[in-house]
There are 2 protein chains.
Amino acid sequence: MGAMTEGESVIQSIDRAAKILALLQGSRRMGISELAAALDLPPSTVHGIVKSLQAHGLVAQQPSGNRYVLGPALLKLSSVYLDTLDVRARAMRWMHELSSRTGFATRLGAELFGEVIVIHHDRRPDGTEQMPETGLTIPSHASALGKVLLAYDAAHATDALSRPLAALTADTVTDPDRVREGLEEVRRQALGFENEEAVIGESSVAAPICAEDGEVVAAVAVVMPSNEWPPTDAVVGALRDAARSISRDLGAPTWPPRPPAPAG
Amino acid sequence: MGAMTEGESVIQSIDRAAKILALLQGSRRMGISELAAALDLPPSTVHGIVKSLQAHGLVAQQPSGNRYVLGPALLKLSSVYLDTLDVRARAMRWMHELSSRTGFATRLGAELFGEVIVIHHDRRPDGTEQMPETGLTIPSHASALGKVLLAYDAAHATDALSRPLAALTADTVTDPDRVREGLEEVRRQALGFENEEAVIGESSVAAPICAEDGEVVAAVAVVMPSNEWPPTDAVVGALRDAARSISRDLGAPTWPPRPPAPAG
DNA sequence: CCAGACGATTCGGTATTATCGAATGGCTTT
DNA sequence: AAAGCCATTCGATAATACCGAATCGTCTGG
């Protein structure tokens with residue numbers, strides 16, 4: 001499937017089960033034969049796997065009858081997953097301060113299979129109703145968070161930029177080389193920018209977060225309406241402060257991070 | 001594990017994989033042999049399963065080396081799971097209004113294997129830093145949400161009350177019969193109460209939410225500091241309004257729900 | 001109201017597949 | 001420096017999951 005050169009010792013049924021979960025992740029509700037067709041397997045095989053997943057609450061069939069969806073057990077699992085992340089625990093406090101100071105929503109993101117996954121989200125402090133964004137995934141090339149993570153993780157970059165880049169808006173940069181050029185600047189400033197490249201009307205700035213060993217493990221972003229673009233020095237300053245504080249709490253030796261040896 | 005009288009056609013490796021996820025959910029970080037001991041299986045078997053899960057991001061080994069934790073893919077999956085819930089989509093709007101009106105945090109909960117899982121959480125409107133509670137699970141017998149869900153779902157009640165009830169605080173009711181008695185009152189009022197039965201300093205009131213077919217599918221609660229207990233009529237009124245509005249949006253024919261035929 | 005088709009589900013034989021035990025390698029501990 | 005612990009690899013074995021066909025239920029169209 002991917003560029004998985006290594007690893008051929010995956011257990012078949014678990015592999016298939018995971019693929020089923022991934023399929024249900026894409027098209028929210030599917031029938032057995034639909035899944036079977038997608039995986040090119042006999043329906044009876046898929047049925048056995050789905051029922052096994054269902055027994056553990058990992059999938060559920062909706063009352064309507066014959067269609068399956070992701071199950072509630074995933075929610076509990078993910079909740080525990082979030083609790084195991086030191087980065088998140090440490091970041092929450094500073095992100096809340098950052099949101100309060102700037103008046104904007106903030107996000108914490110990490111890499112997941114070449115994309116960015118939002119690990120924590122602190123809402124805009126106004127009383128507005130806002131969707132929780134934790135768990136959202138965003139293409140790396142179209143987000144400030146992603147650009148920062150790409151800039152400091154070569155493996156991530158080659159992975160993410162080797163496949164076609166989706167155009168989410170008219171301003172999305174879809175040429176891998178142009179994205180790569182931008183990363184140079186990201187490293188120089190230890191800041192990533194994005195102006196309506198993922199969502200129209202929404203722009204963001206991000207900064208890297210380092211762990212004990214000095215590696216960049218996450219990024220924190222301020223998300224603002226595009227009509228407030230570009231961010232003021234005060235916003236950028238607060239962002240840098242937050243990123244530095246979180247990194248310090250994690251035991252990072254330096255901040256901003258020492259860029260990895262450029263391949264040029 | 002539970003009282004699963006039926007179902008003996010679960011695929012072994014998937015069953016084991018799910019159990020491993022559940023174990024990691026309990027004790028956040030475990031080694032291979034630790035898992036093997038818990039499942040009474042040879043380490044090599046467990047290793048194979050864990051590696052397969054790892055290949056899909058369902059578990060991850062922490063940089064430290066030889067311990068495994070739940071993986072980031074679970075977060076993305078759960079995020080999609082939440083999106084598939086009509087109840088949640090409909091409830092969010094009304095819950096936000098409820099939080100604004102009352103000044104308290106609100107929760108939306110559903111049943112998961114005899115417990116309550118928090119499906120949505122709207123923070124207190126003050127600027128305080130607050131943990132996101134979505135994904136949290138709470139014992140049914142010790143929460144207002146749980147009592148409401150128990151009151152209208154006989155299967156849930158027999159399931160949850162057939163096993164020993166944990167005492168989370170001094171005020172937790174641990175006698176199944178006493179819990180059951182309380183449910184009668186819950187049905188009469190279409191309201192569940194809980195005063196420091198789960199967390200010291202925290203109390204809550206909950207109301208049922210019905211779906212198209214009239215069945216109770218979830219419950220919504222207002223969570224308040226115990227020093228504000230008992231809730232004012234205004235709070236209870238707002239809660240009932242919210243529950244009724246959500247149910248109406250879901251197409252429920254009546255509210256409050258018609259109680260199921262009591263077994264007396 | 002009936003006939004037909006589609007999809008989910010069940011069942012049992014077969015061979016593929018996961019499992020397991022033993023051996024290796026890496027790491028920390030004493 | 002040695003020893004123990006733990007993760008990991010490998011290969012033979014038989015237990016296991018897989019698959020195809022048959023069944024059941026439901027929805028569609030006549």
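A quick note: this is a predicted structure, and the numbers were derived from the prediction, not measured.
Counting heavy atoms from C-beta outward, A/Arg16 and B/Ile14 have side chains that stay 4.5 Å or more apart. For the pair B/Arg29 and B/Gln62, the minimum side-chain heavy-atom distance is below 4.5 Å. Annotation: side chain of B/Asp153 is not in contact with side chain of B/Val216 (no heavy-atom distance under 4.5 Å). Between A/Arg248 and A/Trp255, the closest side-chain pair of non-hydrogen atoms is not below 4.5 Å.
Each salt bridge (charged side-chain N to carboxylate O under 4.0 Å, His left out) pair with one or both residues in residues 54-73 of chain B, not counting sequence neighbours, appears once here: B/Glu34-B/Arg67.
In the helix from C/dC1-D/dG30 to C/dT30-D/dA1, the end axes, each obtained as the rotation axis mapping the C1' atoms of four pairs onto the next four within a five-pair block, lie 50° apart to the nearest 10 degrees.
Under 3.5 Å, the side chains of A/His121 and A/Thr106 contain no donor-acceptor pair of N or O atoms.
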Donor-acceptor pairs are to be reported for all side-chain atoms of residues 80-95 of chain A against protein atoms at under 3.5 Å, with residues two or more places apart or in another chain.
unit_1	atom_1	unit_2	atom_2	d
A/Thr84	OG1	A/Tyr81	O	2.6
A/Arg88	NE	A/Ile119	O	3.0
A/Arg90	NH1	A/Asp249	O	3.1
A/Trp94	NE1	A/Asp249	OD2	3.0

Which side-chain N or O atoms in residues 50-58 of chain B pair as donor and acceptor under 3.5 Å with protein atoms at least two apart or in another chain?
unit_1	atom_1	unit_2	atom_2	d
B/Lys51	NZ	B/Tyr68	OH	3.3
B/Ser52	OG	A/Ile11	N	2.9
B/Ser52	OG	B/Gly48	O	2.9
B/Gln54	OE1	B/Gln61	NE2	3.2
B/His56	NE2	A/Asp15	OD1	2.7

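Taking every nucleotide of DNA chain C with any atom under 4.0 Å from a non-hydrogen atom of chain B, the first and last of them, 5' to 3', are C/dT19 to C/dG21.
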Annotated protein contacts, base or backbone, on nucleotides 2-20 of chain D with a non-hydrogen cut-off under 4.0 Å, one of B, S, - each: ----SSSB------SSSBB

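Scanning both residues, A/Leu168 and A/Pro139, for their nearest heavy atoms gives CD1-CG, 3.7 Å. Taking both residues in full, the closest heavy atoms of B/Ala219 and B/Val148 are given as CB-CG1, 3.9 Å, listed atom of the first, atom of the second, then distance.
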